[in-house]
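Chain letters run A, B, ... following the sequence lines, proteins first, then strands; residues in each count from 1. Reckoned from all heavy atoms, side chains included, excluding hydrogens, waters and symmetry mates. Since the structure is predicted, the reported quantities are computational estimates derived from the model, not experimental observations.
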Amino acid sequence: MNIHHWTGADRRFRVFASPASWIEGASVAQLRLLAGRRGFLSAAAMADLHPGHKGPVGCAIETEGVIHPDLVGTDIGCGMALFALDIEQRQLHIDKAFKALHGLHEAVDAGDRAHQAAIAPDYAPGMGTVGGGNHFVELQVLDDRADEAACDAHGLRRGALFLLVHTGSRSLGPEVLERHGVGERGLDLQSPEGIAYLADHDRAVAFAAANRKLLAETAASLVRGNARLITDQPHNFVEPRPGGRVLHRKGAAPADRGLSPLPGSRGAQSHLLLPEAGPGEALASLPHGAGRKRDRAGMSDRAKDGDRPPRANPLGNRIICADRRMAAEEAPDAYKNIARVLADVEEAGLARSIARFRPIVTFKTAEARGR
DNA sequence: ATGTGC
């Protein structure tokens with residue numbers, strides 16, 4: 001099988017992608033630069049690998065006792081949470097749901113603050129907001145059950161509605177990174193600085209998960225339903241591992257915490273992954289989505305030049321995105337083919353899909369801001 | 001990514 005490329009003779013970098021997957025050269029170059037980081041042991045990149053601001057996105061990086069906050073980045077705790085609704089697709093009035101979801105942020109503001117405080121004791125500005133970039137709240141329907149028994153075990157019924165929430169710690173993550181320094185030297189895991197970063201980091205991770213929960217519960221109420229958590233997996237975080245090691249995940253979901261959503265939002269289906277044992281070189285990690293194939297600036301320029309005619313979404317879902325620049329930057333064709341990413345995951349034995357979901361309504365922002 | 005930069 002011609003997958004699992006090593007990118008160096010020293011075998012400290014492995015890309016879990018087949019030749020059929022588009023991997024930008026710049027992202028592999030960023031990956032290899034990680035070798036110069038203090039304490040670097042190895043890195044595992046997934047098929048959604050793409051270049052990022054400070055380093056590659058779509059990879060896991062293990063060090064010998066050194067935390068690199070700048071590799072985790074600003075959106076500490078960003079992740080994907082999947083919730084089942086107690087509503088069937090045939091019971092849904094799509095036009096009503098589309099209209100109601102426009103008021104998601106207002107509904108959070110109007111919500112019961114005591115309830116919010118119970119969900120998120122560390123209430124902070126930004127709680128209950130989706131944010132920008134590739135963040136979203138998406139109403140989906142389960143349209144294929146690849147593993148009937150696994151779906152039954154988790155109460156995942158065909159034709160039932162779900163909410164997939166992608167957001168993070170909002171202003172808290174950037175604040176934590178700023179407070180603890182962004183130098184490339186990193187922090188020693190056992191040092192007071194390392195311990196202090198981890199404590200603030202863990203709060204941001206918890207805040208982000210609470211944010212996803214609050215958004216899902218509010219969105220559920222807007223469509224007259226209740227949300228039940230299926231799984232919540234962060235993909236920007238760091239964790240101590242046995243033997244004094246430190247595992248960073250930058251746009252990579254954990255493969256050792258149960259079911260993991262693989263989003264293909266807006267123009268593509270999403271999947272629910274059941275992790276498999278997989279090779280140790282994968283650093284217990286999975287892709288966190290399709291991954292960008294075009295950067296944001298390029299997408300924005302194309303839209304301004306007017307050479308990209310608006311395209312209907314292949315799956316016909318409705319999108320709430322009043323910010324035109326965001327809509328251009330996050331257009332479905334800015335992303336890789338999710339089916340190809342899934343194929344790489346399954347061929348490498350990292351995980352398999354147990355269910356597939358089709359988008360119905362995607363909420364990004366109801367506020368017009370972009371050019 | 002960011003209670004959004006030049």
Side-chain angles (χ1 to χ4, degrees), chain A residues 27 30 48-59 61 68-81 104-106 108-109 113 116 120 122-137 165-182 197 200-201 203-212 214-215 233-238 248-253 263 265-266 287-292 294-301 303-304 321-331 334-335 362-371:
Chain A
S27 61
Q30 284 186 333
D48 57 339
L49 185 72
H50 63 89
H53 183 59
K54 296 278 289 190
V57 180
C59 61
I61 305 135
H68 289 287
D70 65 326
L71 294 183
V72 176
T74 53
D75 201 0
I76 302 165
C78 186
M80 295 280 173
L104 181 56
H105 286 158
E106 289 77 4
V108 169
D109 286 341
R113 290 282 171 183
Q116 292 178 21
D122 287 337
Y123 185 85
M127 173 58 73
T129 61
V130 176
N134 54 2
H135 291 173
F136 59 80
V137 173
V165 181
H166 178 204
T167 188
S169 51
R170 308 295 285 113
S171 61
L172 192 55
E175 191 185 297
V176 169
L177 182 62
E178 172 88 9
R179 189 183 314 147
H180 293 274
V182 294
Y197 170 78
D200 280 351
H201 161 282
R203 267 194 291 275
V205 169
F207 179 93
N211 189 24
R212 292 186 283 272
L214 177 56
L215 282 164
Q233 302 288 1
H235 52 233
N236 283 344
F237 69 109
V238 64
H248 306 69
R249 290 195 182 84
K250 177 58 173 177
S265 68
R266 299 183 51 183
H288 75 315
R292 295 196 79 92
R294 297 178 185 278
D295 64 25
R296 291 193 170 99
M299 294 302 293
S300 191
D301 289 347
K304 267 185 284 184
C321 186
D323 180 335
R324 291 184 62 188
R325 184 165 67 165
M326 184 194 290
E329 289 175 349
E330 301 301 324
Y335 287 85
T362 309
F363 176 93
K364 291 188 68 65
T365 179
E367 286 175 61
R369 299 186 77 178
R371 312 176 253 221

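When rounded to the nearest whole Å, the span between CZ of A/Arg296 and C1' of B/dT2 equals 11 Å. Rounded to an integer number of Å, the gap from A/Glu329 CD to B/dA1 P is 9 Å. Remark: P of B/dG3 and CG of A/Asp109 are 15 Å apart, rounded to the nearest angstrom. At whole-Å resolution of the value, NE2 in A/His201 and P in B/dA1 are 17 Å apart. Atom P of nucleotide B/dG5 and atom NE2 of A/His53 are separated by 14 Å, given to the nearest angstrom. The interatomic distance linking A/His235 (NE2) with B/dA1 (P) rounds to 8 Å, in whole Å. Look at NZ on A/Lys54: it is 18 Å from P on B/dT2, rounded to the nearest Å. Computed from coordinates, the A/Asp323 CG to B/dT2 P distance equals 12 Å when rounded to whole Å.
A/Gly132 comes within 4.0 angstrom of the backbone, heavy atoms only, and of no base. At the heavy-atom level, A/Gly73 lies nowhere under 4.0 Å from the strands shown. No contact: A/Gly168 has no heavy atom under 4.0 Å from any strand.
Here the side chain of A/Ser169 pairs a donor or acceptor atom with the backbone of A/Ile76 at under 3.5 angstrom.
Listed pair A/Asn134 / B/dA1 meets the phosphate criterion, a side-chain N or O lying under 4.0 Å from OP1 or OP2. Not one side-chain nitrogen or oxygen of A/Arg325 sits closer than 4.0 Å to the OP1 or OP2 atom of B/dT4. Note on A/Arg170: a side-chain N or O is less than 4.0 Å away from OP1 or OP2 of B/dG3.
The distance between the ring centers of A/His50 and A/Tyr335 does not fall below 6.0 angstrom.
The ring-ring contact (aromatic ring centres under 6.0 Å, His included) search around A/His135 returns A/His166, not counting sequence neighbours. Residues satisfying the ring-ring contact (aromatic ring centres under 6.0 Å, His included) test with A/His201, not counting sequence neighbours, are A/Tyr197.
The pair A/Glu329-A/Arg294 does not meet the salt-bridge criterion, since no charged nitrogen lies less than 4.0 angstrom from a carboxylate oxygen.
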